[in-house]
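Remember, it's a predicted structure, so these values are computed and weren't measured experimentally. Every chain is numbered from 1 and lettered A, B, ... according to where its sequence line falls, protein lines coming before strand lines.
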Amino acid sequence: MKIINLDHISSKPLLSEAKKAMIAAIEKDYHNPSSQHKSGEEAAEVLDNARESVAQLINCATPKEIVFTSGGTESVNHAIKGVAMANAEKGKHIVTSNIEHNAVIRSLRRLKTAGFKVTSLSVDAGGRVNPQEVADAITDETVLVSIMHSNNETGTIQPIEDIAKIAREKKVIFHTDAVDSVGVVPIDVQALGVDLLSFASNTFYGPTGVGGLYIRRGTRVFPLLDGGIQENNKRAGTENLIGIIGMGKAAELAERDLKPRLNHLKNLKSKLLAELPNYIDEYILNTHPEFSLPNLVSLSIKYIEGESVMLMLDDDDIAVSTRSACATGSLRASHVLLSLGLSHADAQGTLVISFGIDTTEEDILAFLSSLKSVVTTLRDISPLYSKARLT
Amino acid sequence: MYNKTVMDHFRNPRNVGVIEDADGIGEVGNPLCGDMMTIYLRIGEERIEDIKFQTFGCGSAIAVSSMLTEIAKGKSIEDAKKITNKDVAEALEGLPKNKLHCSNLGADALQMAIKNYEDKKAGITRPEPKRKDEHEHSHGDKCYCPYCDIELSEDATFCDACQSSLEEEH
């Protein structure tokens, strides 16, 4: 049975080249990269190679600016808590946006218990932060600005270069959560002008449970994990060498194939957006028409609820994601969608369609025809739909 | 996530639709917490001759509505008044904990529909209840943790039972 994966934002397939490199690494049974004997140095060398591949993918000034972590969540926690703790003497104020991932939101919530104050900026109807509002929010007490590069629910890309420029002028450290961007769209940390940038390996078809944090040379940040001197003293604990080798391979291929992959994704997205009105009506697109990821479309389908749609598509062997409250375990609709100005009912009907290098045009068409019948079925049951027909 | 009985009722919901000129209508829930249910009754000789539903909601909300209509169909008004949300959840052989209090509204809608029928019969007209925008309670005045279903105090910001932060929900 073939499942059509249109939920790449949750999981992407592991590249066969990365898988092979990891299996070879397991067979090889590397020693500890921190050990100074020959076996240790052999492991240190492959660790360095992976670091170089990753550094190249995002154009670091030197590979030393990369710290390997256990994934996007750890990177974000490291950046936010590490900067806050290292700079608390200067002040205890942080600027962020209303649409950040929970890794950011909850890290900041934790810092509030240590006396930090947080200014959270709203976004415009297109889901973007206004850089001028960042400038206005910064005070003498501000030690960090953290704004995501792209949003995991809507795919909207933020004006990071402009915000970084403002942060630099005001001498405030700037972190961007680029977990859904690195390896999908071109990312150049030097051109962006950020001080810290979080990313994850599985975004570019590497293994899960491994990621990294870019820390520009000279940025004041404490480690999140204290212990040994691994990762240039920035992240204690023996490295997950097998995962890192997989990520290194995936980074190498992401850089090599970035353009053809981008073209493929853009074509799929155009196809989906062009065909959508031929299959369903009365929906809202939450994805910015210009500044957005090429691999994600967020749509809110009126009068029906997202979990039901997801379950019915699952019956047709199509995997998608929904941002309805019912599916996420909380009783609230997505904070990101509400920030865009969506009503609760509309937010409940939100689907996130995300695809990848393994997705075909046939997959998109199969999804659309399945979606059409699911929407009809659920609208026939919906009291909101029949009420809307009466008025 | 859902058991076979729930999935069966979700995939093949029974008694979907509207009864024109229904003898009783009951509507519960709000889109804020994701679910809305409307129950329509046709009453004959103090018995539920026909029952239909419309639901906006997740898989369990649709399954609950369907199961409720099966339980209630053919019952006398007196027996139907005894149907509780718990009965519906049990007939479905269980619902996930976090769904027990947001999606399990079927019996509430039925009771409202019966009330509506009795009001009509007695010639009473009631204004449509106004929905609150914030912090809607579907079950009386009690609050429950959305993650583990433990009863909480109204102002709780943390669930000690499952260690969940509740600053924005419940």
How long is the straight-line distance from CZ of Arg11(B) back to CG of Leu311(A), given to the nearest 0.5 Å?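 Those atoms lie 8.5 Å apart.
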
Handout entry: Pairwise distance CG(Asp35(B)) to CD(Glu307(A)) - rounded to 0.5 angstrom
Key =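 Here the rounded value is 9.0 Å.
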
- Message: Test of understanding: with side chain to side chain contact (heavy atoms under 4.5 Å, CB included), list the residues that count as partners of Ser343(A), not counting sequence neighbours.
- Response: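 Partners of Ser343(A) under the side chain to side chain contact (heavy atoms under 4.5 Å, CB included) test: Ala345(A), Asp346(A).
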
Using non-hydrogen atoms and a limit below 4.5 Å, what part of residues 67-78 of chain B faces chain A?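 Residues of residues 67-78 of chain B touching chain A at under 4.5 Å: none.
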
Residue pairs passing the ring-ring contact (aromatic ring centres under 6.0 Å, His included) test with at least one member in residues 369-391 of chain A, sequence neighbours excluded, are Tyr303(A)-Tyr385(A)

Mark yes when over 12 heavy atoms from residues, nucleotides or ligands other than [X] sit less than 6.0 Å from its [atom1]; otherwise mark no.
{"X": "Glu46(B)", "atom1": "CD", "result": "yes"}
{"X": "Arg110(A)", "atom1": "CZ", "result": "no"}
{"X": "Lys120(B)", "atom1": "NZ", "result": "yes"}

Minimal non-hydrogen separation, Gly59(B) against Ser308(A), with atom names: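 Shortest heavy-atom separation between Gly59(B) and Ser308(A) comes out as N-OG, 3.7 Å.
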
- request: Give, as side chain, backbone, both or neither, the part of Pro13(B) having an atom under 4.5 angstrom from any heavy atom of chain A.
  value: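 Contact with chain A is through the side chain of Pro13(B) alone.
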
Practice prompt. Decide yes or no for Phe56(B) and Ile381(A): does some side-chain heavy atom of the first lie under 4.5 Å from some side-chain heavy atom of the second?
Written response: no

Practice prompt. List in chain and number order the residues that pass side chain to side chain donor-acceptor pair (under 3.5 Å) with Gln54(B), two or more places apart in sequence or in another chain; answer none if no residue qualifies.
Written response: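 Gln54(B): side chain to side chain donor-acceptor pair (under 3.5 Å) contacts with Ser386(A), Tyr40(B).
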
- Chi angles and distances behind the side-chain contact (heavy atoms from CB on, under 4.5 Å) call for Met36(B), Glu305(A): CA-CA 10 Å; Met36(B) 288 182 77; Glu305(A) 191 275 333; over 6 Å; no

Exercise. Any donor and acceptor pair, going by atom type alone, linking the side chain of Ser382(A) with main-chain N or O of Thr55(B) inside 3.5 Å?
Worked result: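 No.
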
Top contributor to chain B contacts, counting heavy-atom pairs under 4.5 Å, from Thr377(A), Ile304(A), Leu378(A):
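Maximum pair count with chain B is reached by Ile304(A).
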
